[in-house]
There are 2 protein chains.
Amino acid sequence: MNKKYTCRVTQTRWLDDDEMAAWRTFLTVSHLLDRHIEEHLKAAAGLTHAQYEILVRLSETPGRSMRMTELARGVIASKSALTYQITQLERSGLVERTACPSDERGVVAVLTDEGMRCLERIAPGHLEVVRRFLIDNLTREELETMTHALRKAERAMRPHG
Amino acid sequence: MNKKYTCRVTQTRWLDDDEMAAWRTFLTVSHLLDRHIEEHLKAAAGLTHAQYEILVRLSETPGRSMRMTELARGVIASKSALTYQITQLERSGLVERTACPSDERGVVAVLTDEGMRCLERIAPGHLEVVRRFLIDNLTREELETMTHALRKAERAMRPHG
DNA sequence: GGATAGTCGTTCAGTTTTGAACAACTATAG
DNA sequence: CTATAGTTGTTCAAAACTGAACGACTATCC
């Protein structure tokens, strides 16, 4: 690799070994973890991880409902991806679309009773996967350090904190 | 039925607040980060993050080449996803397919000179994104703790790694 | 009041991923 | 050698995602 010629204005700051290791490990773990989760959810309930996250978000809300845009921001999906997934979940009877009273344009997604039961049924198995492959491998101190560190990264990425 | 994920014996162990916070933060950051990276690479070179990762892996190999299956494992992609992406990269002239001398079934993907130049051109900008949104937000200690912790998780997920 | 800009959710075409099926080849065991 | 089992990479249809464009509505300003 030739570091001699770099951009004239902003100097290139490469990642040193430790930084590179951190980034690579983070990337690898997030990919592997997602694969295991996806596999489990598909087998357990025929759900996507994206769909599962939608159900979780809704279940935590008073009224088990959320505006489309806010929900999309919550699960970090594009608006069109959410439209697609809500349609799928509606087809499965886990979610319903409702008109928004305060905004004529708005759509409110609501978790149905069946959706809530589905979530309660599969959550334990899902969390077991998260435990086995991530959480249970970390000491309490590592856990807290990681949370604190990643929260700083999150703040750097969210549209103004 | 899938025996792998159904366990009637062990009691459900929910995640406590700290564990849940860790998991949520990890998930959020990996989604946000991927979005920023994807956006940058698309703008800078019309590449996907998946495609970029393929180029990086190949560039680090003696001969800048790798068997398809090994490459798929390296970037954590399915075999069919890799087939598709290598075809795209071949179309762009960044990668070539070669016959494997030792295995008649095998295909070896090779990074072309143009592919290497492309990578060298866009790597600084990419790493700058990784820095700004992840690495530079962490202290050296946090960085090392996170790497160590996530490596344990990786070991738990790799097919007996 | 009316013009203008902004937001909301959907649609659409094009891209990427998925998992099962498959032909071709290799490895193992008798 | 000859089954038999396993691996390799591709293909295919279906699922999922992307980003731009859009009509519909709201907010803001003068």
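In what follows, chains carry the letters A, B, and so on, assigned in the order in which the sequence lines appear, proteins first and then strands, with residues in each chain numbered from 1.
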Colleague: Mind checking whether R131(B) and E19(A) have side chains closer than 4.5 Å, heavy atoms only?
Modeller: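 Touching, per the 4.5 Å side-chain cut-off.
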Colleague: Could you say whether I86(A) or S78(B) is positioned toward the 5' end of DNA chain C, judged by the nucleotide with the nearest heavy atom to each?
Modeller: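 Closer to the 5' end of DNA chain C: I86(A).
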Colleague: OP1 or OP2 of dT16(C) less than 4.0 angstrom from a side-chain nitrogen or oxygen of Q88(B), does that happen here?
Modeller: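 The answer is yes; a side-chain N or O of Q88(B) sits under 4.0 Å from OP1 or OP2.
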Colleague: Side chain of S80(A), base of dG19(D): donor and acceptor closer than 3.5 Å?
Modeller: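 Pair found.
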Colleague: May I have the distance from E39(B) (atom CD) to dT18(D) (atom P), rounded to whole angstrom?
Modeller: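 Rounded to whole Å, this separation is 12 Å.
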Colleague: Nearest to the A81(B) side chain among dT8(D), dC8(C), dT17(C), which nucleotide is it?
Modeller: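 Out of dT8(D), dC8(C), dT17(C), the nucleotide with an atom closest to A81(B)'s side chain is dT17(C).
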Colleague: Rounded to the nearest angstrom, tell me the gap between atom NE2 in H31(B) and atom P in dT18(D).
Modeller: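 Checked: the NE2 to P distance equals 10 Å.
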Colleague: Under a 4.5 Å cut-off applied to non-hydrogen side-chain atoms, are I86(A) and I54(A) in contact?
Modeller: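 In contact.
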Colleague: For dT15(C) and Q85(B) - does any side-chain N or O of the residue sit under 4.0 Å from the phosphate oxygens OP1/OP2?
Modeller: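 Result: no.
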Colleague: Between R140(B) and D16(A), is there a side-chain N and carboxylate O pair less than 4.0 Å apart?
Modeller: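 Yes, this pair counts.
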Colleague: Between N137(A) and A149(B), is there a donor-acceptor pair closer than 3.5 Å when you use the side chain of the first and the backbone of the second?
Modeller: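 Here the side-chain-to-backbone pair does not exist.
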Colleague: Quickly work out the E38(A) CD to dA16(D) C1' distance and round it to whole Å.
Modeller: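 So the CD-C1' distance, E38(A) to dA16(D), works out to 10 Å.
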Colleague: For T83(B) and for K79(A), find the nucleotide of DNA chain D with the closest heavy atom, then tell me which residue's nucleotide is more 5'.
Modeller: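 So the residue in question is T83(B).
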Colleague: Counting only side-chain nitrogens and oxygens, does R67(A) get under 4.0 Å of the OP1 or OP2 atom of dT7(C)?
Modeller: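 No, R67(A) has no side-chain N/O under 4.0 Å of OP1/OP2 on dT7(C).
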Colleague: Look at the side chain of Q51(B) and decide which nucleotide, out of dG9(C), dT16(C), dG9(D), has an atom nearest to it.
Modeller: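 In terms of side-chain proximity for Q51(B), the closest of dG9(C), dT16(C), dG9(D) is dT16(C).
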Colleague: Between T48(B) and dT16(C), does any side-chain N or O lie under 4.0 Å from OP1 or OP2?
Modeller: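 Checking T48(B) against dT16(C): at least one side-chain N or O falls below 4.0 Å of OP1 or OP2.
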Colleague: On the nucleotide dT17(C), are OP1 or OP2 found under 4.0 Å from the side-chain N or O atoms that Y84(B) carries?
Modeller: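 Answer is no, no contact under 4.0 Å.
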Colleague: Any base atoms under 4.0 Å from A50(B), or only sugar-phosphate, or nothing? Heavy atoms, all strands.
Modeller: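 Counting heavy atoms under 4.0 Å across all strands, the contact made by A50(B) is with sugar-phosphate only.
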Colleague: Would you tell me if any nitrogen or oxygen in the side chain of R105(B) comes within less than 4.0 Å of OP1 or OP2 on dA23(C)?
Modeller: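 Checking R105(B) against dA23(C): no side-chain N or O falls below 4.0 Å of OP1 or OP2.
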